[in-house]
Amino acid sequence: MEEIIMSKLLSPVQIAGLDLKNRVVMPPMCMYDVQAEDGLPTSFHHAHYGARAIGGVGLIIQEATAVTPEGRLTKNDLGLWNDAQGQALAKMVSELHQLGTKVGVQLCHAGRKAKDATQPLAPTALDYDDQGSFKTPKEMTLADIEEVKAAFVAAAKRAEAAGYDMLQLHGAHGYLINQFLEPMTNHRQDAYGGSLAARFRFLKEVVAEVKAAVSLPIWVRLSVSSYAQEGTSLADYQTIARWLEELGVACLDISTGGVLPLSPNFPIYGGYQANFSAKIKAAVEIPVTAVGLIKSPELAEYLLQNDQADLIEVGRELIAQPNWPAQAAKQLHDHDFSVYNHSYQRGIGQL
Ligand SMILES: Cc1cc2nc3c(=O)[nH]c(=O)nc-3n(C[C@H](O)[C@H](O)[C@H](O)COP(=O)(O)O)c2cc1C
């Protein structure tokens, strides 16, 4: 009998505290589609995530979900700052589980990039850009810091109650946690600014307090390069990665950018952030994801086989192709379409 060699990409794996049917992860992607501005999921969210679950994704990480109304990127974001949101999301999580995927949620506070906030908060009162599209933030007091940490904890508890399999803290893309980590956005003179350890303190406390409150695996997404000379260096992010590992973080989701307005020379090519994942992976034992224009299954498999990452996140390509895992199975000669129901197999087999 012909032996079928399964790809790493599509083989089941136990990783970061989760049993996953494959290593294809849908990264958090804001849909800005909560028209009622109440942070509640709509039929769009159910269908959008449901389609990727049917499509065979191993883990869906729900889009940036705000821990406070003022911490939303826009007023059309999802939220987990009240119990009604927790209950509505629990229904969606249960549906996604029935469709055979694991599901996590990314908890976020946008800080100075909270576009619709009355008064955005930030480590330091510095504008994001000079275009006037974002308001000047208020420098957070120690009381503000305590309040936002408590909001992360409360949202994490609601996430656990809602049945999510993991939660991710959004420490990337220039949002609040990232603003604390970077010297360009954090000029504080107190215990939360200055040295790397001091700039890490806010994230450290959020992780520790969330971890004390829930038993879900905690992931952290980091932008390990701001593409700015004066930014926190990759070596310093390797140190941060080790500190997060020591705190018991289950997985690091490695991204870049977003702290400062995008430079026109921002590198864009298939796997453009994978080298950053590999460098963080070399510094820690915990699993690391790779993301960024990983559209081809062969590139995904290459990154896994060459130990550059443990999980592959497919973002925009999954928006374009909800059944991307089936396409990948075909291209990687796995041809195991049994995860799809009979009728889907008839269609997907033709891909
Ligand atoms: C429409 C859209 C919304 C996004 N929203 C988020 C988000 O909520 N949280 C986040 O961490 N990254 C967000 N991202 C970044 C993606 O998670 C991903 O890192 C990025 O798109 C690169 O991967 P890709 O080339 O596979 O799309 C978003 C990207 C897109 C295209």
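In what follows, every heavy atom counts, from backbone to side chain, and hydrogens, waters and symmetry copies are set aside.
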Heavy atoms, side chains only, cut-off 4.5 Å: are [X] and [Y] in contact?
{"X": "Tyr344", "Y": "Asn323", "value": "yes"}
{"X": "Pro27", "Y": "Arg221", "value": "yes"}
{"X": "Leu78", "Y": "Val105", "value": "no"}
{"X": "Leu59", "Y": "Lys102", "value": "yes"}
{"X": "Lys113", "Y": "Asn178", "value": "no"}
{"X": "Gln35", "Y": "Asp33", "value": "yes"}
{"X": "Val214", "Y": "Tyr164", "value": "no"}
{"X": "Val103", "Y": "Tyr49", "value": "no"}

Counting neighbours of [atom1] on [X] that are heavy atoms of other residues, nucleotides or ligands and sit closer than 6.0 Å, is the number greater than 12?
{"X": "Gln189", "atom1": "CD", "result": "no"}
{"X": "Lys295", "atom1": "NZ", "result": "no"}
{"X": "Lys149", "atom1": "NZ", "result": "yes"}
{"X": "Glu230", "atom1": "CD", "result": "yes"}

Between [X] and [Y], how do the two ring planes meet: parallel, tilted or perpendicular, split at 30° and 60°?
{"X": "Tyr272", "Y": "Tyr269", "result": "perpendicular"}
{"X": "His170", "Y": "His173", "result": "perpendicular"}
{"X": "Phe180", "Y": "Phe202", "result": "parallel"}

Side-chain heavy atoms nearer than 4.5 Å, only ILVMFWY residues, links allowed to pass through others: does that put [X] and [Y] together?
{"X": "Tyr175", "Y": "Phe200", "value": "no"}
{"X": "Val153", "Y": "Trp219", "value": "no"}
{"X": "Val249", "Y": "Phe276", "value": "yes"}
{"X": "Val284", "Y": "Val224", "value": "yes"}
{"X": "Val288", "Y": "Val291", "value": "no"}

Just how far is it from atom [atom1] of [X] to atom [atom2] of [Y], taken to the nearest 0.5 Å?
{"X": "Tyr192", "Y": "Asn186", "atom1": "OH", "atom2": "CG", "answer": "11.5 Å"}
{"X": "Gln308", "Y": "Ile254", "atom1": "CD", "atom2": "CD1", "answer": "13.0 Å"}
{"X": "Leu222", "Y": "Ile177", "atom1": "CG", "atom2": "CD1", "answer": "9.0 Å"}
{"X": "Ile286", "Y": "Ile15", "atom1": "CD1", "atom2": "CD1", "answer": "11.0 Å"}
{"X": "Glu37", "Y": "Asn76", "atom1": "CD", "atom2": "CG", "answer": "5.5 Å"}
{"X": "Asp129", "Y": "Arg112", "atom1": "CG", "atom2": "CZ", "answer": "8.5 Å"}

Locate the shortest heavy-atom distance separating [X] from [Y]; write the atom from each residue and the value.
{"X": "Gly39", "Y": "Val34", "answer": "N-CG1, 3.6 Å"}
{"X": "Ile319", "Y": "Met31", "answer": "CD1-CE, 4.1 Å"}
{"X": "Ala53", "Y": "Thr101", "answer": "CB-CG2, 3.6 Å"}
{"X": "Arg199", "Y": "Leu181", "answer": "NE-O, 2.8 Å"}
{"X": "Gly231", "Y": "Ser226", "answer": "CA-OG, 3.7 Å"}
{"X": "Ala159", "Y": "Leu80", "answer": "CB-CD1, 4.0 Å"}

When you measure from the side chain of [X] to the backbone N and O of [Y], does any donor-acceptor pair fall under 3.5 Å?
{"X": "Asn22", "Y": "Gly56", "answer": "yes"}
{"X": "Glu182", "Y": "Thr232", "answer": "yes"}
{"X": "Lys135", "Y": "Thr118", "answer": "no"}
{"X": "Trp324", "Y": "Pro297", "answer": "no"}
{"X": "Arg72", "Y": "Gly79", "answer": "no"}
{"X": "Gln168", "Y": "Gly104", "answer": "no"}
{"X": "Glu160", "Y": "Leu216", "answer": "yes"}
{"X": "Glu301", "Y": "Leu9", "answer": "yes"}
{"X": "Ser277", "Y": "Thr289", "answer": "yes"}
{"X": "Arg52", "Y": "His48", "answer": "yes"}

Testing the 3.5 Å rule here: is there a donor-acceptor pair between the side chains of [X] and [Y]?
{"X": "Thr239", "Y": "Asp236", "result": "no"}
{"X": "Thr42", "Y": "His45", "result": "yes"}
{"X": "Asp116", "Y": "Thr74", "result": "no"}

**Message:** Test side-chain contact (heavy atoms from CB on, under 4.5 Å) on Glu139 and Asp144; report intermediate values, then the result.
**Reply:** CA-CA 9 Å; Glu139 175 167 325; Asp144 291 328; over 6 Å; no
**Stepwise side-chain contact (heavy atoms from CB on, under 4.5 Å) test for Leu203 and Leu244** = CA-CA 9 Å; Leu203 175 54; Leu244 290 170; 4.0 Å; yes
**Message:** Please determine whether salt bridge (Lys or Arg N to Asp or Glu O under 4.0 Å) holds for the pair Asp307 and Lys281, giving the CA-CA distance in whole Å, both sets of side-chain angles, and the decisive distance to 0.1 Å.
**Reply:** CA-CA 8 Å; Asp307 293 325; Lys281 188 165 162 50; 5.4 Å; no
**Message:** Before you tell me yes or no, could you show the steps for Leu311 and Leu20 under side-chain contact (heavy atoms from CB on, under 4.5 Å), namely the whole-Å CA-CA distance, both residues' side-chain angles and the distance that decides it to 0.1 Å?
**Reply:** CA-CA 10 Å; Leu311 292 163; Leu20 299 177; 3.9 Å; yes
**Request:** Mind running side-chain contact (heavy atoms from CB on, under 4.5 Å) on Ile294 and Gln273 for me, showing each step along the way?
**Result:** CA-CA 9 Å; Ile294 305 173; Gln273 295 176 135; over 6 Å; no
**Item:** Partner of Pro217 by side-chain contact (heavy atoms from CB on, under 4.5 Å), out of Leu18, Leu167, Asp165
**Value:**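 Answer after filtering Leu18, Leu167, Asp165: Leu18.
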**Request:** Output, in order, the C-alpha distance, side-chain angles, deciding distance and verdict of salt bridge (Lys or Arg N to Asp or Glu O under 4.0 Å) for Glu246 and Arg242.
**Result:** CA-CA 6 Å; Glu246 282 163 21; Arg242 280 189 287 267; over 6 Å; no
